[in-house]
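Notes follow once the structure below has been shown.
All ligand and atom numbering here is 1-based and tracks the order in the structure.
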Amino acid sequence: MSTQRAFVIGHPIGQSRSPMMHNHWIAEHGLDAAYGRRDVPPEALGAFFEEFRREGYLGANVTIPHKLAVREHLDTVDDVAAAMGAVNCIAWVDGRLTGGNTDAMGLVANMDVAVPGWESGARHAVIYGAGGAARAAAYGLRERGLTVALCNRTAEKAEALAAHLGPGITGHGLDALPAEMARADVLVNTTSLGMIGQPPIDLDLAHLKADAVVYDIVYVPLETGLLADARARGHRTVDGLGMLLHQGAEGFRRWFGVMPSVSPALRTLLEDDIRGA
Ligand code: NAP
């Protein structure tokens, strides 16, 4: 049997740590497989999927800017990807090339591990941002029974995303942040603020309840200003690297039929790479 192949596709794609993660699991499970990165500009998406089908590739992860555009190159999307309106993971299901989304599952699986018991008594979440990552956070937290307020610099984008995602999710401008933070049990930053090369985040955590969980999906650097501030105030915190690892694990399971371990060794591998970046 020839080597099974999977890819992460995006544009640009050079910074993706998915190959490091998946090739670690491939080696751990002794599989004859390889996971690579492919820089696919938007105009080359159709040609990539022709190659994908011709060569019989196993699957793919999808990142910016293709999470919406891949839909037309697939046979179908599953219920989660349809509800979220975005695809991040492609696999063959009953012979059909199927788009799914493991980002929301990865986001909450990371919380389950990082802050066990976080759900107990949690009713409301506030999400800073309304882009692709906010889509996953809002969907995932609502699945766990929380109401969600999306607060975004561009209020119209938050309102449109809330309308798309439906009941239990509302969209606002940044003027709503203090009041939403005051009643939130979970705060998630889904903007790129605080990432290396981006402006620092500008949230005043004095508005938060003392027992609120603070989650930053930015993971470069690993310890963002938001997480340092939250920890100093005594909040339980969750970093973004775990989300990457857990969404990846679910993709690996879909392709290879085995759930890989999000082990300390794997985390250290990626942490070292991020610190060296
Ligand atoms: P995106 O779709 O482009 O959304 C970016 C969001 O950030 C928008 O809500 C945008 O607001 C907001 N924003 C950007 N600059 C801002 C500023 N100066 N002030 C206030 N808001 C600002 O990007 P994305 O795909 O959601 O990714 C966002 C971040 O999440 C990135 O850092 C990415 O690396 C990270 N991420 C992490 C994971 C993980 O596994 N941990 C997964 C996905 C993404 P406007 O709408 O007003 O422009």
Phe7: which residues meet the ring-ring contact (aromatic ring centres under 6.0 Å, His included) condition with it, sequence neighbours left out? Tyr57

Anything under 3.5 Å between an N or O on ligand 1 and a protein N or O? List each pair with its distance, or write none.
| residue | atom | partner | partner atom | Å |
| --- | --- | --- | --- | --- |
| ligand 1 | 2 (O) | Gly132 | N | 2.9 |
| ligand 1 | 9 (O) | Ala130 | N | 2.9 |
| ligand 1 | 9 (O) | Asn152 | OD1 | 2.7 |
| ligand 1 | 11 (O) | Asn152 | OD1 | 3.1 |
| ligand 1 | 18 (N) | Arg153 | NH1 | 3.3 |
| ligand 1 | 26 (O) | Gly132 | N | 3.1 |
| ligand 1 | 26 (O) | Ala133 | N | 2.8 |
| ligand 1 | 40 (O) | Leu244 | N | 3.4 |
| ligand 1 | 41 (N) | Ile217 | O | 3.0 |
| ligand 1 | 41 (N) | Gly240 | O | 2.9 |
| ligand 1 | 46 (O) | Asn152 | ND2 | 2.8 |
| ligand 1 | 46 (O) | Lys157 | NZ | 2.8 |
| ligand 1 | 47 (O) | Arg153 | NE | 3.0 |
| ligand 1 | 47 (O) | Thr154 | N | 3.1 |
| ligand 1 | 47 (O) | Thr154 | OG1 | 2.5 |
| ligand 1 | 48 (O) | Arg153 | NH2 | 2.9 |

Quick check for you: to the nearest 0.5 Å, what is the distance between Arg153 atom CZ and Leu174 atom CG? 8.5 Å

Pairs flagged by side chain to side chain donor-acceptor pair (under 3.5 Å) wherever residues 189-198 is involved - sequence neighbours left out: Asn189-Thr191, Asn189-Asp216

Quick one: closest heavy-atom pair of Val87 and Gly99, and the distance? CG1-CA, 3.8 Å

Residues two or more places apart in sequence or in another chain: which of them pass ring-ring contact (aromatic ring centres under 6.0 Å, His included) with His73? Phe49

Ignoring hydrogens and geometry beyond distance, is a side-chain donor-acceptor pair present between Thr3 and Asp32 at under 3.5 Å? yes

